[in-house]
Structure formats: structure tokens, C-alpha cells
Amino acid sequence: ESPVLSRDEFVHTACYCEENVYHLIRQLRAVPSALFISNPARLAPVWCQRASSRPDGLVFWDYHVVAIDGSQNPPLVYDLDSKLDFPCSLPLYFEHALRPNSLVDQLLARPMSERPGRLHRRYRLVSGQNLMRHFASDRRHMRHKSTGAWLAPPPAYPCIRGPWADSDHNLPRYLDMGADDFAADAADAADDDEEVAASAAIDGRFGKLLTESELLAEFALA
């Protein structure tokens, strides 16, 4: 049976989902994993989002982060930005919030989906323990590149730097979704992060990159 929780029990700052999940994992008794959702184009469709004004709740996030507790059957997803139950079973979340990549091109109108596969999501799964130890963000990605103004008001608490973090800002390593035909789009989206992401060694600290089918297999849903 799913635990009865309220989103109000957890730290939440709009547009800072990675930090929200960091604090959520710290607050939970269990130590779930963090799931980073994005793609090389930095246009990842997620439905049932509270930030959306659309009836279906669709938002094209450059990236989104949720927590997954794989110790439960079925696994539970903690998405502080979702209209779905909190927590929500992974099968239900996949059906309503993610929806299969095979349907994405059909569901979305052109020109968004005019290049097949451009909007297909990829996933980076990071253990909660490694996130707590290694994650760091100085929030530079949330400042306007020209003016330095905040793109969204930052959290009131200090920037996060895990005790084993190798820099003040390694978020790009978690957002590295691999290179493909749309790598140019990703480079345009994050010029200042490119060098860090390119030099990142893909190891346990920063989780593992998964396709949709690999994600489902990881939680025995394939």
C-alpha cells in the first residue's frame, strides 16, 4: 500500500526540480533513486504537470527530475510538480505523465514532432546515496547569460554541494543524455555547461543512462 503523504511536507521551489528531489530524498526514510528526464534536444515532454495551463498538463521541460522508490511493488514515483497522486505508482506515472516514446510523435502536433525521435526522452537513474554524496549546483544555469538576472527566483537556502562533490556545479553531468543527431540542439541549450558535460566520466557517481525500454526493464515493467 502506498504511503499517505502530502507535497506540502517537502521542500519545493518552482523550476528547481533537481534541488527539490535532493531534499525530498533526504527527508524520506527510504532512500529512493533520482531519475533525470531529458533528451539531447532539451525538449522533454511530460504530461500532468501543475505548471501547465493546458488541460492535459503538458510541459516541454529542458529536463525534469523525480524520485523513484524501487523497493515498493509497484515502484513509486515522487513528482512534486505533478497533478497525479503523490506518490504515484510507476506504471500509472508512465501511462499518464510520460507516455510511451512510440506515441510521442503521434501525440504532439508539428512542427514540434516533425523530426521523428527528436522529443523522445532518455533517463539517467542515480542512486539516492550517490546523489546525496556527489550532487552540486551553484545555480548558474538559472541565470540569464547576458544580464545575470535570475530566470526564476532561487531557493532561500544555500546552494547544494555534496560532501564528495568534485566541483561547485556538476549538474550538467546528470543531464548528459548522450550524443545523437540532435547534439547541436543540446549544445545550443547549454553552452556554458558543454565543457563540463563533455569531460564527465560516466560512472556510478552520476548514475546510468537508460532508454525507455531499459528504464522499464530496470523496474521489471517491460
Side-chain angles (χ1 to χ4, degrees), residues 1-3 5 17-18 20-22 24-25 28 30-50 52 56-108 112-113 115-131 135 173-183 186 202-222:
E1 185 177 350
S2 300
L5 297 172
C17 56
E18 67 281 3
N20 295 335
V21 167
Y22 183 95
L24 183 148
I25 290 175
L28 290 175
V31 183
S33 298
L35 185 68
F36 290 76
I37 305 166
S38 190
N39 54 34
R42 294 288 180 90
L43 282 171
V46 183
W47 282 263
C48 303
Q49 296 292 286
R50 296 194 293 169
S52 176
D56 59 3
L58 175 63
V59 172
F60 289 94
W61 294 117
D62 52 350
Y63 65 91
H64 190 47
V65 189
V66 301
I68 296 185
D69 184 357
S71 69
Q72 302 297 312
N73 187 19
L76 297 177
V77 176
Y78 295 81
D79 184 351
L80 290 164
D81 298 292
S82 177
K83 297 177 181 179
L84 298 175
D85 291 343
F86 184 82
C88 179
S89 75
L90 179 55
L92 190 66
Y93 189 83
F94 182 79
E95 178 183 358
H96 294 285
L98 296 178
R99 309 189 184 189
N101 275 334
S102 59
L103 296 179
V104 164
D105 295 331
Q106 301 174 33
L107 292 169
L108 301 176
M112 273 293 186
S113 60
R115 298 196 298 182
R118 181 171 186 256
L119 303 179
H120 290 186
R121 295 165 306 259
R122 297 180 185 179
Y123 305 90
R124 184 172 293 279
L125 186 66
V126 185
S127 74
Q129 184 179 61
N130 276 333
L131 190 77
F135 178 77
R173 300 189 182 192
Y174 297 93
L175 301 183
D176 180 5
M177 295 291 150
D180 67 3
D181 292 340
F182 309 116
I202 304 304
D203 58 27
R205 290 177 295 165
F206 305 111
K208 53 186 176 182
L209 186 62
L210 302 172
T211 63
E212 179 180 281
S213 59
E214 289 169 339
L215 173 68
L216 296 176
E218 182 78 19
F219 293 100
L221 298 179

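The residues of the chain are indexed from 1 along the displayed sequence.
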Can you give me the closest heavy-atom contact between [X] and [Y], atom names plus distance?
X	Y	result
Pro45	Leu58	CB-CD1, 3.8 Å
Asn39	Leu43	ND2-O, 2.7 Å
Ile37	Ala44	O-CB, 4.3 Å

Could you give the distance from [atom1] ([X]) to [atom2] ([Y]), rounded to the nearest 0.5 Å?
X	Y	atom1	atom2	result
Asp81	Cys17	CG	SG	6.5 Å
Ser89	Asn73	OG	CG	10.5 Å
Leu84	Phe86	CG	CZ	12.0 Å
Arg99	Trp47	CZ	CH2	5.5 Å

Between the side chain of [X] and the main-chain N/O of [Y], is any donor-acceptor distance below 3.5 Å?
X	Y	value
Ser127	Ser33	no
Asn20	Leu80	no
Arg121	Leu98	yes
Ser38	Asp62	yes
Arg124	Asp176	yes
Asp85	Cys88	no
Glu212	Asn101	yes
Arg122	Met177	yes

Check the pair Leu131, Ile25 against side chain to side chain contact (heavy atoms under 4.5 Å, CB included), reporting the backbone distance first and the verdict last. CA-CA 9 Å; Leu131 190 77; Ile25 290 175; 3.9 Å; yes
Please list every donor-acceptor pair under 3.5 Å in which a side-chain atom of residues 214-222 meets a protein atom from a residue at least two apart or in another chain.
residue	atom	partner	partner atom	Å
Glu214	OE1	Thr211	N	2.8
Glu214	OE1	Thr211	OG1	3.3
Glu218	OE1	Lys208	NZ	3.1
Glu218	OE2	Lys208	NZ	3.1

Min side-chain heavy-atom separation [X]-[Y] under 4.5 Å:
X	Y	value
Pro74	Leu90	no
Pro32	Ile68	no
Leu92	Val77	no
Tyr78	Leu5	yes
Val46	Val59	no

For Phe36, enumerate each residue passing the ring-ring contact (aromatic ring centres under 6.0 Å, His included) test, keeping only those at least two apart in sequence or located in another chain.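 Only Tyr174 meet the ring-ring contact (aromatic ring centres under 6.0 Å, His included) criterion with Phe36.
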Name all residues meeting the ring-ring contact (aromatic ring centres under 6.0 Å, His included) criterion together with Trp61; count only those two or more places apart in sequence or in a different chain, and write none if there are none.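 His64.
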Where do Arg50 and Ser82 land on the side chain to side chain contact (heavy atoms under 4.5 Å, CB included) test, with the steps shown first? CA-CA 6 Å; Arg50 296 194 293 169; Ser82 177; 5.9 Å; no
Between Tyr93 and Asp79, is any side-chain donor less than 3.5 angstrom from a side-chain acceptor?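 Result is yes, a qualifying pair exists.
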